[in-house]
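Numbers here are sequence positions counted from 1. All values below come from the heavy atoms of this structure, side chains included, with hydrogens, waters and symmetry mates left out.
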Amino acid sequence: HVQLVESGGGSVEVGGSLRLSCAASGVAFRSYSMGWFRRSPGKEREGVAAITSDGGTAYADSAKGRFIISRDNADNTLWLEMNSLEPEDTDIYYCGADHSRRTAPQALAAPYAYRYSGRGTQVTVS
């Protein structure tokens with residue numbers, strides 16, 4: 001049974017920081033490509049950052065220079081460090097996982113293709 005559980009969201013002021021985490025279970029985590037995407041109710045998924053099993057990364061233009069994606073294969077955890085937050089970053093953030101051979105840019109561009117995803121964590125910037 002695959003389970004992804006996001007945490008770390010919250011309400012912060014403009015310019016603040018958050019660190020999101022995604023705890024994975026039921027998967028061979030180190031062999032999975034992982035990523036973060038955002039989605040507002042009624043809207044499509046938007047890729048934020050992606051990381052492959054061998055550590056390749058890709059970021060949305062809006063995230064470059066501000067967000068850092070990382071993974072801890074020993075702890076089965078995915079992270080997203082979010083800095084210099086802006087009101088436009090407000091959204092529900094989800095982590096996704098799949099066992100494909102997609103590159104990080106491919107995964108970033110197609111977040112709807114993640115086989116597994118969590119329930120999300122709310123990020124509010126004001």
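Qualifying side-chain hydrogen bond (donor to acceptor under 3.5 Å, both in side chains) partners for Lys64, counting only residues two or more places apart in sequence or in other chains: Asp61. With sequence neighbours excluded, the residues forming a side-chain contact (heavy atoms from CB on, under 4.5 Å) with Ser7 are Ser21, listed by chain and number. Under the ring-ring contact (aromatic ring centres under 6.0 Å, His included) criterion, Tyr94 pairs with Phe37, not counting sequence neighbours. The side-chain contact (heavy atoms from CB on, under 4.5 Å) search around Ser11 returns Thr124, not counting sequence neighbours. By the side-chain hydrogen bond (donor to acceptor under 3.5 Å, both in side chains) test, Ser62 is found to be paired with no residue, residues two or more places apart in sequence or in another chain being considered. Evaluation of the side-chain hydrogen bond (donor to acceptor under 3.5 Å, both in side chains) rule for Asn83 yields Ser17, Glu81 as partners, not counting sequence neighbours.
Judged by distance alone, with hydrogens and angles left aside, the side-chain atoms of Asp91 form no donor-acceptor pair with the main-chain N or O of Tyr93 at under 3.5 Å. Side chain of Arg66 to main chain of Ser84: a donor-acceptor pair is present (N/O by atom type, distance under 3.5 Å, no hydrogens or angles). Proximity of a side-chain donor or acceptor of Asp75 to a complementary backbone N or O of Thr77 within less than 3.5 Å is not detected. Judged by distance alone, the side chain of Thr90 and the main-chain N or O of Glu88 form no donor-acceptor pair under 3.5 Å. With hydrogens and angles disregarded, a donor-acceptor distance shorter than 3.5 Å links the side chain of Asp89 to the backbone of Glu86. Between the Asn76 side chain and the Ser25 main chain, no donor and acceptor come within less than 3.5 Å of each other.
Contacts classified as disulfide bond (SG atoms under 2.5 Å apart) and involving residues 63-120 (residues at least two apart or in different chains) are given here: Cys22-Cys95. The disulfide bond (SG atoms under 2.5 Å apart) contacts involving residues 96-126 comprise nothing, where partners must be two or more places apart or lie in separate chains. Within the structure, ring pair (Phe, Tyr, Trp, His ring centres under 6.0 Å) pairs that include any residue of residues 50-84 do not occur (at least two apart or interchain). Judged as a side-chain hydrogen bond (donor to acceptor under 3.5 Å, both in side chains), the pairs with a partner in residues 48-57 (not counting sequence neighbours) are, in order, Thr52-Asp54.
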Sequence neighbours excluded and cut-off under 3.5 Å, please list the side-chain donor-acceptor pairs for residues 104-120, or say none.
| unit_1 | atom_1 | unit_2 | atom_2 | d |
| --- | --- | --- | --- | --- |
| Gln106 | OE1 | Thr103 | N | 2.9 |
| Gln106 | OE1 | Thr103 | OG1 | 3.4 |

For residues 26-35, which side-chain N or O atoms pair as donor and acceptor with protein atoms under 3.5 Å away, sequence neighbours left out?
| unit_1 | atom_1 | unit_2 | atom_2 | d |
| --- | --- | --- | --- | --- |
| Ser31 | OG | Ala28 | O | 2.8 |
| Ser31 | OG | His99 | NE2 | 3.1 |

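The shortest heavy-atom contact between Leu80 and Ala49 is CD1-CB, 4.2 Å. Contact record, Leu4 with Ala24: CD2-CB, 3.6 Å, taken as the closest heavy-atom pair.
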Task: Pair Ile92-Thr121, side chain to side chain contact (heavy atoms under 4.5 Å, CB included): steps then yes or no - done: CA-CA 5 Å; Ile92 303 173; Thr121 184; over 6 Å; no
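The CZ atom of Arg71 sits 4.5 Å away from atom CG of Asn73, with the distance rounded to the nearest 0.5 Å. Here the straight-line distance linking atom CD of Glu44 with atom CZ of Arg38 works out to 14.0 Å at 0.5 Å rounding.
No side-chain heavy atom of Val14 sits less than 4.5 Å from a side-chain heavy atom of Leu85.
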